[in-house]
Amino acid sequence: MKYALLIYSPTTADDYSATHEAARNAGDPTRGPWVDYTRAARDAGVLVAAEQLTHSETATSVRLRDGDHLVTDGPFMETKEHLLGFYLVDVDDLDTALDWARRMPGEGLTIEVRAALTGLPWQRILTE
Amino acid sequence: MAADPDGVAGAARLERAFREEWAAVVATLARRLGDLQAAEDAAAEAFAAASASWARDGVPPNPGGWLTVTAWRKAVDAHRAGGARSTSVDPQVLGEVAALGNGPGGAAGTVPAPDTAEADMTETLGDDRLGLIFACCHPALAVESRVALTLRFVAGLTTREIATALIVPETTLAQRLVRAKRKIRETGIRFTVPTSPAHLAERLRSVRTVVYLVFNEGFASSSGAALTRDDLCDEAIWLGRLLHRLMPGDAETAGLLALMLLHSSRRAARLAADGRPVPLAEQDRSAWNDALIAEGTAVLDEALALRSPGSYQMQAAIAALHAAAGSFEATDWPQIALLYGTLARLDPSPVIEVNRAVAVGMADGPLAGLAVLTPVLASGALSDYGPLHAAHGFLLDKAGDSERARGAWARAAEAAGNEAVRDELLRRHVDPL
């Protein structure tokens with residue numbers, strides 16, 4: 001089963017920006033907790049995809065209402081915790097997915113684990 | 001009830017046997033299908049088939065096996081008929097179902113000749129029951145859902161019975177079950193016993209918590225519909241026995257069963273004839289149930305022999321000391337105070353300190369007890385907790401400070417969630433006639 005491990009953090013846009021700038025300029029790009037975590041997931045053969053997102057402060061929302069498209073600045077919903085990235089893993093069951101969530105190195109993060117549905121008509125397009 | 005005690009007991013036994021059989025079928029099917037709803041539907045059909053076929057042809061030699069195999073075939077039929085609707089079930093399992101459907105075996109209703117998959121089903125029953133318990137008590141489910149699922153699928157109560165016992169509207173409970181079943185199915189909660197020791201320990205904690213919650217739901221607030229509440233205690237003890245039988249080497253599981261048995265032994269003495277609660281100090285100890293005390297003490301000894309101490313075992317040991325005492329005064333209070341000390345180290349909580357304060361007060365005098373209670377009172381963490389103020393009132397009374405004691409009792413009454421308890425506290429300590 002595929003599970004999305006959605007990473008939420010209360011960090012501000014400024015702090016977040018400083019953190020990923022620092023990570024990009026780190027002395028040794030082959031080391032670090034997230035490098036290790038990603039390598040472990042890849043080596044275990046469970047990693048399907050992973051992305052780190054810009055802060056939700058930079059989000060642009062497109063709302064579909066009455067056939068009209070309204071473009072607005074900001075996220076869909078203002079929240080204290082921001083969705084900053086995700087790992088998509090393919091594992092046997094919820095317990096294994098929860099284990100990968102537990103192993104994430106970030107302190108103060110909340111990981112929302114969501115199972116992916118299967119067998120829907122639109123999904124056939126992906127494997128055509 | 002007194003008119004025909006054997007008939008009632010016989011009917012109760014039959015009902016229990018029926019529920020156990022139903023729960024066993026659901027457990028086996030759920031594990032194979034990964035879906036409680038499908039398992040429940042198939043079990044319902046198998047029982048309907050049984051009532052028709054057994055009346056005509058007699059009860060088969062292995063009724064449980066007959067029901068399980070018949071339910072399995074009903075699930076196969078449902079899958080064939082439903083086709084794409086069953087896509088939430090594991091594809092591998094669907095493959096097995098399809099293969100089985102093409103194999104030997106007749107329509108449900110004839111005596112089935114089990115093939116290998118079916119034979120395997122009737123052999124793994126212990127694991128199936130356990131796996132179902134672990135799924136129903138998964139920490140990813142809300143606590144109230146865990147309680148409802150466990151009562152429904154492990155204990156085999158009907159939705160209406162559970163709703164009555166938990167005092168929630170039946171529609172609310174039914175909704176809760178539907179959502180919980182969907183979460184199990186869609187998120188890949190498995191009907192298996194966790195294999196790693198760390199997982200097993202965490203998940204078992206959740207199972208014990210659910211069982212003890214069911215017990216306390218029945219035990220702690222036995223006002224109003226007293227009978228149904230007693231039923232909940234019985235269900236919890238039944239679950240505790242099942243769990244203990246399936247995991248005999250787990251000390252805390254044995255400790256939990258012992259604790260429930262020992263608490264339960266006092267049930268008849270806890271309420272006066274007019275329904276007023278009777279405090280431990282004044283209970284008629286001859287009304288305590290000796291059989292439950294003996295069983296609880298024996299299970300506790302088994303648990304302690306495993307040399308893996310835990311908080312349920314400590315609480316059971318305390319309950320056993322109460323059970324062994326001829327009177328409130330003659331209770332081994334120093335030992336109880338020590339056990340509360342151990343308990344506070346294992347599982348620190350201000351509630352335990354309140355109980356320890358009373359034990360210390362009985363063992364070493366009210367001033368020593370008040371010294372234990374003072375920090376709890378000062379912290380304010382339990383300011384709405386009735387028993388804290390009752391303990392305070394009790395110790396102040398013993399210390400001869402009846403003026404302050406009355407204030408403490410008034411706060412205890414104010415905080416009591418249960419009307420009978422509140423009225424009794426006011427009557428005794430605040431406004432005596």
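Below, chains carry the letters A, B, ... as their sequence lines are ordered, and counting in each starts from 1.
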How about [range] versus chain B: which residues have heavy atoms under 4.5 Å apart?
range	answer
residues 60-71 of chain A	none
residues 98-110 of chain A	A:Leu98, A:Asp99, A:Arg102
residues 72-96 of chain A	A:Asp92, A:Asp93, A:Leu94, A:Asp95

Self-check item: Residues, nucleotides or ligands: over 12 heavy atoms within 6.0 Å of B:Glu144 CD
Solution: yes

Quiz item: Should the heavy atoms of other residues, nucleotides or ligands under 6.0 Å from CD of A:Glu51 be counted, would the total exceed 12?
Solution: no

Self-check item: Per-residue contacts, residues 191-202 of chain B versus chain A, heavy atoms under 4.5 Å
Solution: B:His199, B:Glu202

Exercise. Starting at CE of A:Met1, measure out to CZ of B:Arg190 and round the result to the nearest 0.5 Å.
Key: 6.0 Å

